[in-house]
Structures are given as C-alpha cells and as structure tokens.
Amino acid sequence: MSLICCGGLRTDFVITTEGQARLMQMGGNAIYSAAGAHLWLADVAILGRAGDNFPSEWIAELAVRGFDVRGICNIGGVQDHRTFYAYVDRDTRIDTDPATHFARIGVPLPEPLSGYVNSTPGQDDPDHYEPLATRPEDLDELLAAPAKQPTTTLHIAPTSIRTQRFLPEAARRRGLGLVSLDPGERTMLPRLRAHIEEVLGRIDVFLPSDQEVRSLFESDPVLTQPHEAARWFAARGPRVVVIKLGSQGVLVFERAAGSAGPGIWRLPALPATVVDVTGAGDAFCGGFMASFGAHGDPIAAAIAGSVSASFAIEHYGAAGLLNASRSEAERRSRSLLGAAQRIP
C-alpha cells in the first residue's frame, strides 16, 4: 500500500506556549502528515505546490529521507509560504496579528512577516483556487508517473475548500479506494456548511478537531458536543469520523461497526513531554491513515496516529517526527493497547 498526503508546504514562524519564538522552520501540513505516516509506512508521497522561494534543500532532505516528492509542483515565482502561529495554550492557537504577539514576548516582528495577514488567504473561497491550492490535475500528473506500487489512499490535509470539493472526485476517477480529509479551521465555518456537507458525501474518513467542530456549529450547542457532531458528520457520508481533542485524546466514531452496529470510542492522548504542538494534528492524521489503510481498524489506527502525534510535540518543528524510530513507535503503541473506552 502507498499513501499520498496532500496539503501545504510552509515556512513556519511559531510563538510557543512558553513565549519562545521559533523562526523559519520547515513546516506545512503536507509534510507533517506525511512524516506521521512515514513512521508506519514506507511508501508515502507528498502532493503540494511550491514557489521558487520554498527552500529546495528542504525538498532534497525529504527525498533523502525516503519520501516521494514527485508530487511537489513548482509553480514558479515568489509564493506566500509563510505560516504564523501563536499558542495561547497547548490546544489553542492564533494565526493572525503576529506584530501583537511578538511584541507580547518582547521580540521585534521578523522582517519576513511584514504584511502578513494569515497563513491561508483565499482558502475559504469555494469558487476559486488560491495559487498554492492543489488542483485535480496535480493529482493526475503524480499518478500518471511510474509508481513503485499501486496507490490506494489519499489524505487531504487542511487546504482550500475548493480543493476539498473536487480532489476526492479526481481520486475516485483514478481508482483510489480510500480518501480522508482533515478540513482545517479556515473551511469549518457556518457560511461554508453546505460545502462541507457536499464534501462529506465524497470521502471515507473525516478528521476534524474539536475547535473546528465548535466553529462550524457555533449556533447549535448540541452539535458542538463531539459525539453528536461525529454522528452528524457520519450520517452525511464518511464511514469513520475522528474528532481530535488535543490533550484529551480523540473520539472515534465508526458508522457501521460490524454486527454490533455503530461504535463510538474515546482514546486518551499518549503521555509525552510537550515542547511544541505545531503539526501534532497533522501527524496524527498521517499516522491514522497509514495504519487504517493497511487493515481498516479505526482503533488501531487511532493508536498509530496518537503515537505519531506524540513524537511531533516533543521537539520544535518536524525534527522529532522525522527522526523517530519504528521500534520506539511500536513501544509507545503497546502502552495504548486496551486504553480505548467504548461510549454507549
């Protein structure tokens, strides 16, 4: 089996919960999700767009580490790869107004962030692709290239709502049997709810965060409850819904759990020394889909995803995840066996 991780390639500027600034780090949800998957699966491809200003040495490093980087399309010119995050706490981040947050920690605004608005301008436009948004033809081009083995799984990390609307259909046309989506905070908005419902009918696994659920259903207190939201999402298409709860772990809903009917479980987070939570949710999704695509067991997949996330949060940037060992990953996964609790 192989897995394609689609999403953004970014240059990260992060203010941690401890008020430390981490500048110009390799990032992006395509890279974090691919790294989370690569811990469990050898054949992982990255699908995304880059400008001439995205560091070529980072792409070369990913290739050396065994990732398939043929899906990284250079569209030329200087593109806006900047992402800024200021963490209010370990589960909440803000990606706007960097000047205020750098002033708060007594650090001058880094020159590359001059004029920064947010990390994803245009991602909430259902009718137009922003420049770095993946198009169906990008997937077609990657799948037309000779592959080491057939690709069966596509994971779409937070990206343009237009990409979310049309990439799953392109994947189906190409014969991919499993498609997952992590929607992202820029698209889980009440005014885009009809488009989210449209997308839910085209995917197999939906992986939002609790924060995104609250954003989408801000006017409906019942649906802001994770277990109610999971049922709502699953009723509109995906067989499996996983809601990421940050430090509280994850909720897993399987619409058809064999003869026992639908099932809903809570899995706690894996204990870890938290240094930087950037990319943890993406790493979880990559680990989840690498595992789920292999055997179809959502609880075992959630354990794999939790292990991937645990490596992501123990270091600044993607280094801890990229350097994680399979033997340590397996040891951590054993500590979560039997930890999932079924909710009536």
Side-chain angles (χ1 to χ4, degrees), residues 17 29 32-33 36 85 87-95 155 157-158 180-189 196 200 203 205-218 220-234 238-255 257 262-289 291-292 297-314 321 332-333 335-344:
T17 53
N29 49 42
Y32 273 106
S33 58
Y85 293 133
Y87 284 94
V88 177
D89 54 47
R90 289 173 179 171
D91 295 327
T92 308
R93 69 187 184 191
I94 298 170
D95 71 346
H155 172 63
S180 63
L181 171 68
D182 178 0
E185 58 200 59
R186 293 292 172 204
T187 61
M188 289 286 276
L189 303 172
I196 294 297
L200 288 168
I203 60 175
V205 181
F206 191 52
L207 300 133
S209 71
D210 184 35
Q211 183 176 345
E212 291 157 6
V213 168
R214 293 194 302 271
S215 173
L216 183 66
F217 299 124
E218 62 181 10
D220 189 333
V222 173
L223 289 178
T224 58
Q225 301 302 308
H227 61 286
E228 295 294 346
R231 290 187 175 94
W232 190 93
F233 294 135
R239 177 164 69 89
V240 174
V241 175
V242 181
I243 298 180
K244 304 186 293 290
L245 305 173
S247 60
Q248 301 304 306
V250 295
L251 180 143
V252 180
F253 182 89
E254 188 175 17
R255 179 159 47 85
I264 187 164
W265 293 266
R266 283 287 295 267
L267 180 74
L270 189 72
T273 301
V274 179
V275 174
D276 180 7
V277 298
T278 303
D282 301 310
F284 173 89
C285 293
F288 183 98
M289 290 310 300
S291 177
F292 187 74
D297 182 341
I299 303 305
I303 290 173
S306 297
V307 171
S308 292
S310 74
F311 285 109
I313 66 178
E314 289 181 337
L321 190 54
R332 295 186 185 194
S333 68
S335 71
L336 282 176
L337 292 177
Q341 295 185 335
R342 184 159 185 161
I343 300 172

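For the numbers below, each heavy atom of this structure counts, side chains included, while hydrogens, waters and symmetry mates do not.
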Between CD1 on residue I243 and CZ on residue F253, distance to nearest 0.5 Å: 10.0 Å

Salt bridge (charged side-chain N to carboxylate O under 4.0 Å, His left out) against D276, all qualifying residues, sequence neighbours excluded: none

Residue list, side chain to side chain contact (heavy atoms under 4.5 Å, CB included) with S180, at least two apart or on another chain: H155, V205, L207, M289

Residue pair P226 / V213, side-chain heavy-atom distance below 4.5 Å: no

N29 side-chain N/O to D282 backbone N/O, donor-acceptor pair under 3.5 Å: no

All side chain to side chain contact (heavy atoms under 4.5 Å, CB included) counterparts of T17, not counting sequence neighbours: Y87, R90

Value rounded to 0.5 Å, distance of CD in Q341 from CG in L251: 12.0 Å

Nearest-0.5 Å distance that lies between atom CG in L200 and atom CG in L181: 8.0 Å

Residues forming a side chain to side chain contact (heavy atoms under 4.5 Å, CB included) with E228, sequence neighbours excluded: V222, L223, Q225, R231

Sequence-distant partners of A272, side chain to side chain contact (heavy atoms under 4.5 Å, CB included), two or more places apart: S310, I313, E314

Heavy-atom closest contact (A309 atom, A280 atom, distance): CB-O, 3.5 Å

Atom pair CD1 (I299) and CG (L337), whose distance is rounded to the nearest 0.5 Å: 11.5 Å

Residue of the set P208, C285, S306 for which side chain to side chain contact (heavy atoms under 4.5 Å, CB included) holds with K244: C285

Exercise: identify the closest heavy-atom pair between V252 and P298: CG1-CB, 3.8 Å

Backbone of A234 reached by a side-chain donor or acceptor of R255 within 3.5 Å: yes

Validation row: D182, S209 side chains within 4.5 angstrom (heavy atoms): no

Working for side chain to side chain contact (heavy atoms under 4.5 Å, CB included), residues Q248 and R266: CA-CA 9 Å; Q248 301 304 306; R266 283 287 295 267; 4.2 Å; yes

Check against side chain to side chain contact (heavy atoms under 4.5 Å, CB included), W232 and F217: CA-CA 11 Å; W232 190 93; F217 299 124; 3.5 Å; yes

Residue pair P238 / V241: nearest heavy atoms and the distance that separates them: CG-CG2, 4.1 Å

Pair V242-F292, side chain to side chain contact (heavy atoms under 4.5 Å, CB included): steps then yes or no: CA-CA 12 Å; V242 181; F292 187 74; over 6 Å; no

Nearest heavy-atom neighbours spanning G287 and A304: O-CB, 3.7 Å

Distance (rounded to the nearest 0.5 Å) between L270 CG and S308 OG: 10.5 Å

Minimum heavy-atom distance between Y32 and L321, given as atom pair plus value: O-CD2, 3.7 Å

Side chain to side chain, E212 and I196, heavy atoms closer than 4.5 Å: no

A312 to A283 - nearest heavy-atom pair and separation: CB-CB, 4.0 Å

Those residues that, when tested against D210, pass side-chain hydrogen bond (donor to acceptor under 3.5 Å, both in side chains) (two or more places apart): R214

